[in-house]
2 protein chains.
Amino acid sequence: MRVLLIEDDTALGAAIRDQIAADGHSVDWMGRLDEARDALATAAYDLVLLDLMLPDGLGIPFLKALRARGDVTPVIILTALDQVSDRISGLNAGADDYLVKPFDLAELSARIGSVARRYTGNPNPIVTLGPLEIDLAARSVRLNGKPVVLTAREWVLFQAFVQRPGQLLSKSQLEERLYSFDQEIDSNAIEVHVSRLRKKLGAHVIETERGLGYRLGRP
Amino acid sequence: MRVLLIEDDTALGAAIRDQIAADGHSVDWMGRLDEARDALATAAYDLVLLDLMLPDGLGIPFLKALRARGDVTPVIILTALDQVSDRISGLNAGADDYLVKPFDLAELSARIGSVARRYTGNPNPIVTLGPLEIDLAARSVRLNGKPVVLTAREWVLFQAFVQRPGQLLSKSQLEERLYSFDQEIDSNAIEVHVSRLRKKLGAHVIETERGLGYRLGRP
DNA sequence: CGCAAACTGACCGCCACCTGACAGGCGCCG
DNA sequence: CGGCGCCTGTCAGGTGGCGGTCAGTTTGCG
């Protein structure tokens, strides 16, 4: 398994790298976000370990941008900030898991193994929603057993609903999820994507809460 | 849930306070940071709503100081500054979520409910009234187990009754609740909405006190 | 019995939302 | 490097639900 480690603390970074290598995976270790961007653009990784405080920026916007591009590489956040808020914003941004420093290297191994099993092991966890079967790890959806192909944006949007079943999501919340901070969207792009999702997955999949937003339909 | 609202705009503050109260939470409303500091020192809150521009200082340093003291009370930022830097620094300072003014009060409710759910880890508290199950935070009602869809106005009206079970509410009180002060309503709109509510939720839900107003029926 | 208050079915204008069409952009492939 | 196809934001026209108004009827009280 190929792992991208983004961590600027040299001592901690080296320790993590060695641990992962000892587990039999290959590691690329970057200390800055721009280096990490280059690495992700040129190579395929099975897992990203992301520190939240890097010398050239924050991890959360980086992760959001990654997800907005449709990248579904599993990401585990490493944070020294033992604050619920950071973990929540991290998970909201699309992280798969998080570890609070200082953490036990054995625990890191366990989490990586879990991800590895999820991604290379045979059975992926499948979420079933009426006629829909969603494999979040494999980024695939089936409607009545037939595979449905979603585009990057559609997947990000759909994922947002599946991760919070039944919860109301306002348009602005969805825009945050789909677009990075600097993008200005003054249109009905969300409506259009919802419409396209309904066309592919069935009209009842996403319900409109007039004046408030959308939520996943109860099957 | 106890909410601390820190907002110096009197009109907006009052509107937010009323909305939170309508959701069944208790609110303390402060217009200045030093007042808020005192409030936080003397009482325990489950949520803080923080405006970023207060007359005696900025919200971000206030939030940072809060977190530095180890306080993990969830904080939602209210800001008129729709700027990348403010939002990022807000989240980085330890905010859990933010809302850009002007925002819909219903959206505020939804986010508060979301925060409440995340932190308690439990589903929302359900108010049971005979055959009715009301989830104020999720804005949902069930009649004999079957979900009933209420429109925006219907919900606001129903909420007013559920919040004060058994209490008499005059038409003018309800009009105040449904409409902003500048709106002129010279009709039987309240009667019509009551009628529609009874149709959806059962005739006995709301009782008429002829010449005085309405009250929630005893099941 | 008479009157006022309340009820409710119907109507209609407005606005949030939907959706088909289109074009710019980007990657891919020959 | 040029052409092609897919993705996705924008726009405009359509529509359907929401909610205020009205009118005819019913209810309750003196």
Side-chain angles (χ1 to χ4, degrees), chain A residues 40-42 44 65 67-72 139 148-160 168-172 174-180 182-215 217, chain B residues 102-107 139 148-160 168-180 182-215 217:
Chain A
L40 281 165
T42 54
R67 293 290 184 239
R69 284 200 304 274
D71 195 318
V72 293
R139 196 182 169 278
V148 178
V149 179
L150 297 186
T151 69
R153 281 286 202 286
E154 286 165 1
W155 176 256
V156 172
L157 186 64
F158 185 54
Q159 208 183 24
L168 178 73
L169 297 174
S170 71
K171 280 188 197 174
S172 56
L174 294 170
E175 281 174 7
E176 281 169 31
R177 186 69 181 258
L178 281 186
Y179 308 102
S180 52
D182 51 345
Q183 276 176 290
E184 192 76 15
I185 302 290
D186 57 338
S187 76
N188 63 346
I190 298 293
E191 293 173 16
V192 173
H193 280 297
V194 168
S195 173
R196 287 170 180 158
L197 266 182
R198 292 208 257 237
K199 202 174 197 174
K200 286 187 178 178
L201 301 177
H204 57 288
V205 182
I206 296 172
E207 291 173 353
T208 303
E209 205 97 350
R210 182 164 257 255
L212 295 176
Y214 299 93
R215 68 167 33 138
Chain B
F103 50 82
D104 196 300
L105 285 177
E107 183 171 355
R139 199 180 164 279
V148 178
V149 179
L150 297 187
T151 70
R153 281 285 203 281
E154 286 165 1
W155 176 254
V156 173
L157 186 64
F158 184 53
Q159 218 181 17
L168 180 73
L169 296 174
S170 71
K171 278 190 197 173
S172 55
Q173 278 178 304
L174 294 171
E175 280 174 8
E176 246 174 70
R177 188 71 176 259
L178 280 186
Y179 308 101
S180 51
D182 53 343
Q183 276 177 288
E184 192 79 13
I185 301 291
D186 56 337
S187 77
N188 63 347
I190 298 293
E191 294 173 13
V192 173
H193 278 297
V194 168
S195 172
R196 287 173 181 157
L197 266 182
R198 293 207 256 238
K199 202 173 196 175
K200 286 188 178 179
L201 301 178
H204 57 288
V205 184
I206 297 172
E207 292 173 353
T208 304
E209 206 91 353
R210 197 179 176 83
L212 298 174
Y214 299 92
R215 67 164 36 126

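Note on naming: letters A, B, ... go to the chains in the order of the sequence lines (proteins, then strands), and numbering restarts at 1 for each one.
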Tell me if the side-chain of B:R210 makes a donor-acceptor pair with the base of C:dA6, cut-off 3.5 Å, by modelled atom types. no

Mind calculating the distance between CG (B:L150) and C1' (D:dG17) to the nearest angstrom? 15 Å

Compare the minimum distances between each of C:dG9, D:dG19, D:dC7 and the side chain of B:T151, then state the nucleotide with the smallest one. D:dG19

Among C:dA21, D:dG19, D:dA23, which is the nearest nucleotide to the side chain of B:A152? D:dG19

If you check the A:N188 side chain, which of D:dG20, D:dG17, D:dC11 turns out closest? D:dC11

Evaluate the side-chain proximity of A:L168 to A:R215: yes if any heavy-atom separation is below 4.5 Å, no if none is. yes

Counting heavy atoms from C-beta on, name the nucleotide in C:dA6, D:dT10, D:dG20 closest to the side chain of A:A189. D:dT10

Are A:E191 and A:K171 packed together at the side-chain level, in the sense that at least one heavy-atom pair is separated by less than 4.5 angstrom? yes

Side chain of B:V192: nearest nucleotide among D:dC11, C:dT8, D:dT8? C:dT8

Looking at the base of D:dG20, is there any donor atom on it, or on the side chain of B:R196, that sits under 3.5 Å from an acceptor on the other one? yes

Okay, side chain of A:E154, backbone of A:T151: is any donor-acceptor separation there less than 3.5 Å? yes

Over all atoms of both residues, closest heavy-atom pair of A:L178 and A:L157: CD2-N, 4.0 Å

Which of these nucleotides, D:dC18, C:dT8, D:dG20, is closest to any side-chain atom of B:S195? C:dT8

